[in-house]
2 protein chains.
Amino acid sequence: MSQLPEQPAGTSVPTSADVARLAGVSRATVSYVLNNNTTVRISESTRVRVREAAADLGYVPHAAARSLRAGHTRMVLLPAAPTPAGRPHERFFTGLEADLRRLDYTVVRYGSVGLGADEAARAWAELRPVAVVSPSGITLTPKGIGVLTRSGAKAVITLGPQPVDGAHALVMDQEEIGGCAVRHLLSRGRRRIGVVIPQEPGLAPYAAPRLAGAVRAVEESSSGARVQPLPLRFDEASAQDLAGRWRGLGVDAVFAYDDEYAMLLMRALQDARVAIPAETAVIGAGDLMLCRLLRPRLSSVRTELATAQPLAEMIDRLVQNPGGAPERHDLLRAAAVGREST
Amino acid sequence: MSQLPEQPAGTSVPTSADVARLAGVSRATVSYVLNNNTTVRISESTRVRVREAAADLGYVPHAAARSLRAGHTRMVLLPAAPTPAGRPHERFFTGLEADLRRLDYTVVRYGSVGLGADEAARAWAELRPVAVVSPSGITLTPKGIGVLTRSGAKAVITLGPQPVDGAHALVMDQEEIGGCAVRHLLSRGRRRIGVVIPQEPGLAPYAAPRLAGAVRAVEESSSGARVQPLPLRFDEASAQDLAGRWRGLGVDAVFAYDDEYAMLLMRALQDARVAIPAETAVIGAGDLMLCRLLRPRLSSVRTELATAQPLAEMIDRLVQNPGGAPERHDLLRAAAVGREST
DNA sequence: TTGAAAGCGCTACCAT
DNA sequence: ATGGTAGCGCTTTCAA
């Protein structure tokens, strides 16, 4: 048995002292090496040993300790104004924030523009959050989850179209949206169904499962219907191009990804004299106000985000009682709303 | 007094030790009092003295030190996914974030839902940011600015329709938007001009100056035109109600606050058989995609946000060289885009 | 009822 | 080239 006091294996967060001990150097040296301090000369062999020790332990520096020592931060605060008339997404986060504040948490929205998944996880870990709610758009890897939990996060929750292994998941089941849209179109007697695939890169994690759900709904219907993916950029030229080729595509209905793409496409189709819904039915998703303002009124898949309250309570529960098996909850209820466009 | 809220070299950020010294007690007592620790009994007179000392010094606890000592945080991290197809506002902030990260700053979007202006400023100050960029929606008061600078913020910058005394300001001149809209309508020969006033509370800081700009443009035109404010909520019922009273209002043009309100109102007017633009001209603001998708195509005031790059550089400059006179920069360039609706 | 002091993790100064 | 160590601001235990 080692004579050194044993660290409770999983529970304690490694510090620079741990790295120093493992590398057989002082904490000062660790600091010099890891910060690439150039005013001090450290032998290459020591550098390597320190870096390896840090990597072995999964060491992540503690931002609070660092800035306490430094006497200042490099933090630029961007207070987020509550958005009264925001998108459903924004309203959800604003509500979550309020609920968590009520439970005495400090809510920080941390930007990670231009960072890769694991870089981002590391940057988050430096802040030592007690909980992380990661939206899609940043794909949290199992490795990233490890970094976060090892740095003290009690609850790591992914929030997006698909769950991630090893984290709790709030799933917004995008497949169901595609499924709802297609079942609605099938019920209207349509059989050759186009599905818009937005070409904006950030939307892929949503677009792919919506298409998959559409395909599955067709297969399960045994109707002999078929699905045709339709790439579309969010600009008029792309929409006009698609509309110009419309009759050649031979589709009698289209699920346009969401309401805004639907509006764009519908206008282009109308300009190309494609009758809606006679010739082609159109359905969007999101059930925004604009559905009711367009003519014909736009059918849509209403997606109801559960209120944030249960999520706030779930976070609180996981923080107080961490370590259970990953939970998975569905957060999205989808239902088609038929209007004049289908 | 209303000069620069400077941070002279000798005056540093007050700590609990300073409070203790001023109150003539120990740091422990300060901690007990300010945290309302109930396990320890402190005389009422001491409590009062401590609180007064804290208030006198403008003491704000240091969140990093607190969580370092506690060994854990109550921080819930809400990583903000980059929004590729977001609103101009969001894209601006995302760009700012990337630019600042490149300058090696840590960008944190801090929510303050349900907090008053000075409460919020205090909460921000606890994080000891080196710079704060405060959007409208949270009205930063001179007092709040003082709290922030005294806690070490080198650059406090307001970002919104109006500058705030004592802080640097990036002004998004909302009056100019109203002015542009009205001058455009006047040039189209309209003389009785309605101006939509959204009833959503968060929009007041924008709505009021847009109206003011509209009024001023009319006055300066010496055209004998008049302006009529038109309250409107963002729902169909409110729009239908307004449209139903339309002919009694005697307006021949309307500046509809922004494109989305314009879309809502235009639909209601069309449903009420008000001819656009023959009977009433409509202009929005924002020049969103939907302007080109509506029929008639919606005229709009294009508002060009300067890119975030200069702001990031300004922040960096102020951090490195703080204490100058408040700067003021205009961030918005507005120009009317005439389409079929006017 | 209050105070003295330890120590959270880190970096920078001053020794070797 | 590397180590010892002080101290950032705070809370909390123990002692007075």
Side-chain angles (χ1 to χ4, degrees), chain A residues 7 11-50 53-54 57-75 106 125-128 130 150-152, chain B residues 12-50 53-54 57-75 106 125-128 130 150-152:
Chain A
Q7 306 245 2
T11 49
S12 76
V13 182
T15 71
S16 73
D18 296 320
V19 177
R21 204 173 305 126
L22 181 58
V25 299
S26 73
R27 278 156 52 225
T29 304
V30 171
S31 174
Y32 294 142
V33 171
L34 296 185
N35 293 316
N36 292 313
N37 189 322
T38 49
T39 68
V40 161
R41 300 170 68 81
I42 306 276
S43 70
E44 191 54 33
S45 67
T46 304
R47 304 195 100 91
V48 171
R49 247 183 317 135
V50 168
L57 292 173
Y59 168 73
V60 174
H62 193 307
R66 175 178 282 168
S67 58
L68 186 60
R69 164 68 220 213
H72 63 261
T73 67
R74 294 280 292 175
M75 180 194 303
T106 302
E126 291 190 4
L127 300 176
R128 297 289 192 278
V130 73
R150 241 176 293 119
S151 76
Chain B
S12 61
V13 183
T15 72
S16 73
D18 296 320
V19 177
R21 205 172 307 123
L22 181 58
V25 299
S26 74
R27 277 152 63 220
T29 305
V30 171
S31 174
Y32 293 142
V33 171
L34 296 185
N35 293 314
N36 292 314
N37 190 322
T38 50
T39 67
V40 169
R41 300 172 67 80
I42 306 276
S43 69
E44 190 54 32
S45 66
T46 304
R47 305 194 99 90
V48 171
R49 243 179 324 131
V50 168
L57 293 173
Y59 169 72
V60 174
H62 192 309
R66 174 179 281 167
S67 58
L68 186 60
R69 163 70 219 213
H72 63 261
T73 68
R74 294 281 290 173
M75 181 194 303
T106 304
E126 291 192 5
L127 300 176
R128 296 289 191 276
V130 72
R150 239 176 292 121
S151 77

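Here is how names work: the chains are called A, B, and so on, in the same order as the sequence lines, proteins then strands, and each is numbered from 1.
Counting non-hydrogen atoms under 4.0 angstrom, B/V40 reaches a base of the nucleic acid. Nucleic acid contact for B/S31: base, since at least one base atom lies under 4.0 Å from a heavy atom of the residue. Using a 4.0 Å heavy-atom distance criterion, A/T46 is classed as a sugar-phosphate-only contact. Heavy atoms of A/R41 sit under 4.0 angstrom from at least one base atom.
What separates NE2 of A/H72 from C1' of C/dA12 is a distance of 13 Å, to the nearest Å. The separation between A/R66 atom CZ and D/dG9 atom P is 18 Å, rounded to whole Å. Rounded to an integer number of Å, the gap from CD of B/E126 to C1' of D/dC10 is 12 Å. Rounded to whole angstrom, the span from the CD1 atom of B/I42 across to the C1' atom of D/dT11 amounts to 13 Å. In this structure, the CZ atom of A/R21 is 16 Å from the C1' atom of D/dG4, given to the nearest Å. Computed from coordinates, the A/D18 CG to C/dC8 P distance equals 11 Å when rounded to whole Å. When the C1' atom of C/dC8 is taken as reference, atom NE2 of A/H62 falls 8 Å away, rounded to whole Å.
Residue B/G24 is the one, among B/G24 and B/G71, whose nearest nucleotide of DNA chain C lies closer to the 5' end (criterion: closest heavy atom).
Distances were taken from every side-chain heavy atom of B/A28 (C-beta onward) to each of C/dT2, C/dG3, D/dG9; the shortest belongs to C/dG3. Nearest to the side chain of A/Y59, among C/dC10, D/dT11, D/dG9, sits C/dC10. The listed nucleotides are C/dT1, C/dC10, C/dC8; the one nearest the side chain of B/L68 is C/dC8. Ranking C/dT2, D/dG4, D/dT12 by closeness to the B/N37 side chain, first place goes to D/dT12. For B/N35, whose side chain is taken as the heavy atoms from C-beta onward, the closest listed nucleotide among D/dT11, D/dG7, D/dC10 is D/dT11. Between C/dC10, D/dG9, D/dT2, one nucleotide has an atom nearer to the side chain of A/R69 than all others, and that is C/dC10. Closest to the side chain of A/R27, out of C/dA4, D/dA6, D/dT2, is D/dA6.
Counting heavy atoms from C-beta outward, B/R49 and B/T46 have side chains that approach closer than 4.5 Å. The shortest distance between side-chain heavy atoms of A/H62 and A/T15 does not fall below 4.5 Å.
Taking all atoms of both residues into account, the shortest heavy-atom contact from B/R150 to B/V13 is O-CG2, 3.5 Å. Between B/R66 and B/N35, the shortest heavy-atom distance links the atoms NH2-OD1, 3.4 Å.
Within the structure, a side-chain polar atom (N or O) of A/T29 is placed less than 4.0 Å from OP1 or OP2 of D/dG3. Within the 4.0 Å cut-off from OP1 or OP2 of C/dG9, not a single side-chain nitrogen or oxygen of A/T15 is found. Contact annotation: A/S16 side-chain N/O to C/dC10 OP1/OP2 distance is under 4.0 Å. Taking 4.0 angstrom as the limit, B/S43 places a side-chain polar atom (N or O) nearer than this to OP1 or OP2 of C/dT2.
Counting atom types as modelled, B/Y32 pairs no side-chain N or O with a base atom of D/dC10 as donor and acceptor under 3.5 Å.
When atom types are taken as modelled, the side chain of B/T73 and the backbone of A/R128 share a donor-acceptor pair closer than 3.5 angstrom. In this structure, the side chain of A/R27 does not engage the main chain of A/S16 through any donor-acceptor pair within 3.5 Å.
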